[in-house]
Amino acid sequence: MEKKYHFASDNTAGVAPEAWTALEHANDGYSPGYGEDDWTARASDLIRELFETDCEVFFTFNGTAANSLALATLCQSYHSIICHEMAHVETDECGAPEFYSNGTKVLLAGGANGKLNPDEVEEIAQRRSDVHFPKPKVISLTQPTEMGTVYQPDDLQKISAIAKKLSLRLHMDGARFFNALASLNVSAKEITWQSGVDVLCLGGTKLGMPVGDAVVFFNKELAYEFEYRCKQAGQLASKMRFLSAPWVGMLENDACLKHARHANDCAQKLASKLDEFEEIKLITPVEVNGVFAQFPDHLHASLKDKGWRYYNFIAKGGARLMCSWATTEQDIDDLIRDIRASL
Ligand SMILES: *Cc1c(COP(=O)(O)O)cnc(C)c1O
């Protein structure tokens, strides 16, 4: 394994110690498969405690499955899903939401900094009401967004008011939900079910788990037969305890929030150091664990030569630098030193 930190994604980091320890504890003796075990029950209870409500919880192997199965369960094949044009659901899931829903159409809305513009959402939802158009059924939003910004509680209220008014369901892609929670410093319930969210896809992998995301149904009726959907899609883990145990390790003692806060803090430090270079411009406000910055063209090649890894296709040529639970101050200083030397 390379020792140099990879800013390409928060999934380049290894497993956080609390998740690793829980896995080791789970690797003791025998327990029933397919989620009938104590670890899965405990993980589900901890998620219910976090959200302070009696929700239905399912564990899947990844976020694409969580999103697309959740969306498929909210829709008939003749429905449509409104999401941001940069949403993972649209750009990074290889059509899985359409596939699992047997053809539900994804309709794209714009909005600054990766956040849905509520007026556009409303316009799209009301554009047509005739039988020739795929009937809008769900608004899907990403919290935090693909551009490293967060929906404030007010923003969520605006979107959920539209959903309520037009009888649309509200889905939240929370692949980095804990980073948003740490950034907003509110309770988990305030920015989910109290803001009208019906289903949340709660990310574990990028936060520091080895594998696994959770699908959380606040509207429990919508969870009807969801276990069949998971099984049919190959998303029901046989040795489920190894998917759920890391959640126990991370949710106990608030390790989730601790790691999310650390990653967010690292991004702040990195952003403020980048901001000192005249040649570099930050593209979006840094509100969670990602920094989006415009670099001069020659800098990309030079940093690549020096072994740095990050994406520059997401923000139209800008660099996306993601921090994680594992990022250190030294990693940031090393990158800044190489940028200084290259400029
Ligand atoms: C990473 C990510 C996901 C999940 O992706 P998988 O690779 O399928 O786990 C979902 N939504 C967003 C916004 C993401 O960044």
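Counting starts at 1 for both ligands and their atoms, following the listed order. Predicted model, so just to flag it, every value in this text is computed and none were measured. Throughout, numbering of the chain's residues begins at 1 and tracks the sequence.
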Residues in side-chain contact (heavy atoms from CB on, under 4.5 Å) with Ser101, at least two apart? Ala72, Thr104
Note the single closest protein heavy atom to atom 15 (O) of ligand 1, along with its residue, its atom name and the distance in Å. Lys206 NZ, 2.6 Å
Among His6, His300, Arg320, which residue satisfies the side-chain hydrogen bond (donor to acceptor under 3.5 Å, both in side chains) criterion with Tyr310? His300
Is ligand 1 under 4.0 Å from a heavy atom in the side chain of Asn67, in the backbone, in both, or in neither? side chain
Which protein non-hydrogen atom lies closest to atom 7 (O) of ligand 1, naming both residue and atom, and how far is it? Thr64 OG1, 4.4 Å
Write down the atom of Pro296, the atom of Leu343, and the distance for their closest heavy-atom approach. CG-CD2, 3.7 Å
Please list, in number order, the atoms of ligand 1 under 4.0 Å from a heavy atom of Arg176. 15 (O)
Ranked by distance from atom 11 (N) of ligand 1, the top protein heavy atom is Asp173 OD2, 2.6 Å
Using the ring of each side chain (for Trp, its six-membered ring), is Trp325 parallel, tilted or perpendicular to His259, with breaks at 30° and 60°? perpendicular
among protein heavy atoms, the one nearest atom 10 (C) of ligand 1 is His88 ND1, 3.3 Å
Side chains of residues 151-159: which donor-acceptor pairs under 3.5 Å do they make with residues two or more places apart or in other chains?
{"residue": "Tyr151", "atom": "OH", "partner": "Leu116", "partner atom": "N", "Å": "2.8"}
{"residue": "Asp155", "atom": "OD2", "partner": "Lys115", "partner atom": "NZ", "Å": "3.0"}
{"residue": "Asp155", "atom": "OD2", "partner": "Gln152", "partner atom": "N", "Å": "2.8"}

Can you tell me if Glu90 uses its side chain to pair, donor with acceptor, with the backbone of His84 under 3.5 Å? no
Provide, to 0.1 Å, the distance between atom 4 (C) of ligand 1 and the closest protein heavy atom, together with that atom's residue and name. Gly63 CA, 3.4 Å
Ligand 1 atoms in contact with Ala175 (distance to a heavy atom under 4.0 Å): 2 (C), 3 (C), 10 (C), 11 (N), 12 (C), 14 (C)
Could you see which bit of Thr142 sits under 4.0 Å from ligand 1, with heavy atoms only: side chain, backbone, both or neither? side chain
Short list, please: which atoms of ligand 1 are under 4.0 Å from a heavy atom of Asn62? 8 (O), 9 (O)
The test is side chain to side chain donor-acceptor pair (under 3.5 Å); show your working for Asn62 and Thr64 and say whether it passes. CA-CA 6 Å; Asn62 61 30; Thr64 298; 4.6 Å; no
